[in-house]
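So the structure is just underneath, and the comments pick up after that.
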Amino acid sequence: MKMNDMDTTKTYYEWSDYAKDMRATDWIKCDHVIGIYRGSLGMATHVSNLRDVPMSIVGFQTRDGEDKSPYWMHNALPEVPISKQDESMTILIVDDIYDTGTTMNKVMDFVRKERTKPSPMPNIIGYCLFGNEDATNNREFESTNVVFTHPHDGSWIVFPWEYHESV
């Protein structure tokens, strides 16, 4: 990661950082990946391909969107046959930044309550590239099963999929 020489309020997260961070997530085993529209869709697709598992999309934007609550944009969660109802699945929800915990925790609660497919209660893990440790201790939310790779200090993160490097 590098800071922009002209603007120290931005951190440029580079492709090499992303590749290293994705390799470091090998310990996270999952049966399904959910991306939150828009910021994490590329990451969710990548994780889905790496793990060879299906992917769903939840729409919800708290920072600059009009969404009041999470909703399914694409629900690919499998219907579980009655014979396998006692087997739980692990769902990985990915996002770029875990700042206040609002987005991730509301999406986790939504998935728990609105799976819309008969299945046992899934094990849900949240994974973010950047996170605020204080948000993981926020008692307002039912779930704090969220891990992140880098601490987030509140600076603006510019992801490689958001800009073109000059050649």
Side-chain angles (χ1 to χ4, degrees), residues 13 18 21-81 84-157 159 161-162:
Y13 181 75
Y18 176 76
D21 291 344
M22 287 297 100
R23 283 190 299 277
T25 65
D26 286 346
W27 64 271
I28 302 174
K29 304 298 181 206
C30 64
D31 304 298
H32 197 91
V33 174
I34 295 178
I36 303 170
Y37 180 79
R38 293 180 358 155
S40 69
L41 289 186
M43 194 167 112
T45 301
H46 187 209
V47 172
S48 172
N49 286 332
L50 288 174
R51 307 286 194 289
D52 193 25
V53 297
M55 178 183 131
S56 295
I57 302 169
V58 169
F60 187 49
Q61 294 182 34
T62 56
R63 186 176 55 87
D64 58 359
E66 300 283 326
D67 301 332
K68 301 296 181 213
S69 59
Y71 60 95
W72 288 115
M73 294 181 87
H74 173 69
N75 182 358
L77 284 166
E79 189 164 336
V80 178
K84 294 191 176 196
Q85 291 273 324
D86 59 342
E87 297 175 21
S88 185
M89 71 181 327
T90 298
I91 297 173
L92 178 66
I93 301 175
V94 298
D95 203 4
D96 49 5
I97 299 174
Y98 184 78
D99 191 33
T100 65
T102 300
T103 299
M104 179 62 77
N105 284 285
K106 286 190 175 187
V107 169
M108 290 172 99
D109 288 344
F110 167 78
V111 171
R112 259 187 219 93
K113 294 172 185 162
E114 305 293 332
R115 290 185 309 279
T116 71
K117 308 269 184 181
S119 65
M121 183 56 74
N123 176 33
I124 300 176
I125 300 169
Y127 171 74
C128 298
L129 294 170
F130 291 85
N132 177 346
E133 187 66 42
D134 292 338
T136 61
N137 299 321
N138 188 341
R139 299 292 178 230
E140 174 186 347
F141 300 110
E142 183 179 317
S143 170
T144 57
N145 194 16
V146 178
V147 294
F148 54 86
T149 304
H150 304 282
H152 184 232
D153 62 5
S155 64
W156 189 264
I157 309 291
F159 292 95
W161 46 87
E162 297 176 322

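Along the sequence shown, residues carry numbers from 1.
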Item to check | Distance-minimising heavy-atom pair for Cys30 and Val53 | outcome: O-CG1, 3.4 Å
Checklist entry - Partners of Phe110 by ring pair (Phe, Tyr, Trp, His ring centres under 6.0 Å), sequence neighbours excluded? => result Trp72
Checklist entry - Applying the side-chain contact (heavy atoms from CB on, under 4.5 Å) test to Ile93, which of Val111, Asn105, Val58 qualifies? => result Val111
Checklist outcome for this item: Heavy atoms of Met104 and Cys128 approach each other most closely as CE-SG, 3.6 Å
Checklist entry - Is a side-chain N or O of Thr45 found less than 3.5 angstrom from the main chain of Leu41, in a donor-acceptor match? => result yes
Item to check | Contact summary for His32 and Ile34, nearest pair of heavy atoms | outcome: CD2-CG1, 3.9 Å
Item to check | pair Arg38-Ile57: side-chain heavy atoms closer than 4.5 Å | outcome: no
Checklist entry - What pairs with Asn123 under side-chain contact (heavy atoms from CB on, under 4.5 Å), at least two apart in sequence or on another chain? => result Thr90, Ile125, Asn145
Checklist entry - About how many Å separate CD1 of Ile124 and CE of Met89, when rounded to the nearest 0.5 Å? => result 10.0 Å
Item to check | Any side-chain heavy-atom pair of Ile97 and Phe159 under 4.5 Å | outcome: yes
Checklist entry - After noting the C-alpha distance and the side-chain angles of Asp109 and Arg112, does the key distance pass the salt bridge (Lys or Arg N to Asp or Glu O under 4.0 Å) rule? => result CA-CA 5 Å; Asp109 288 344; Arg112 259 187 219 93; 2.9 Å; yes
Next on the checklist: Minimum heavy-atom separation for Val94 and Met43, please, with both atom names.
Outcome noted: CB-CE, 3.4 Å
Checklist entry - Are the side chain of Arg51 and the backbone of Ile28 linked by a donor-acceptor contact shorter than 3.5 Å? => result yes
Item to check | Chi angles and distances behind the side-chain contact (heavy atoms from CB on, under 4.5 Å) call for Ile36, Met73 | outcome: CA-CA 9 Å; Ile36 303 170; Met73 294 181 87; over 6 Å; no
Checklist entry - Can you check whether Thr25 reaches Leu92 side chain to side chain, under 4.5 Å on heavy atoms? => result no
Checklist outcome for this item: In short, Ser48 meets Pro54 closest at the heavy-atom pair OG-C, 3.9 Å
Next on the checklist: Which residue is it: Glu162, His150, His152? I am looking for the one with a side-chain contact (heavy atoms from CB on, under 4.5 Å) to Ile157.
Outcome noted: His152
Checklist entry - Side chains of Tyr13 and Asp96: donor-acceptor distance under 3.5 Å anywhere? => result no
Checklist outcome for this item: For Gly35 and Ala44, the nearest pair of non-hydrogen atoms, with its separation, is CA-CB, 3.5 Å
Checklist entry - Hey, does Tyr127 have a side-chain heavy atom less than 4.5 Å from the side chain of Thr149? => result yes
Checklist entry - Once you round to the nearest 0.5 Å, how far does CG of Asp99 lie from CZ of Phe130? => result 12.0 Å
Checklist entry - To the nearest 0.5 Å, what is the distance between OG1 (Thr102) and CZ (Phe60)? => result 7.5 Å
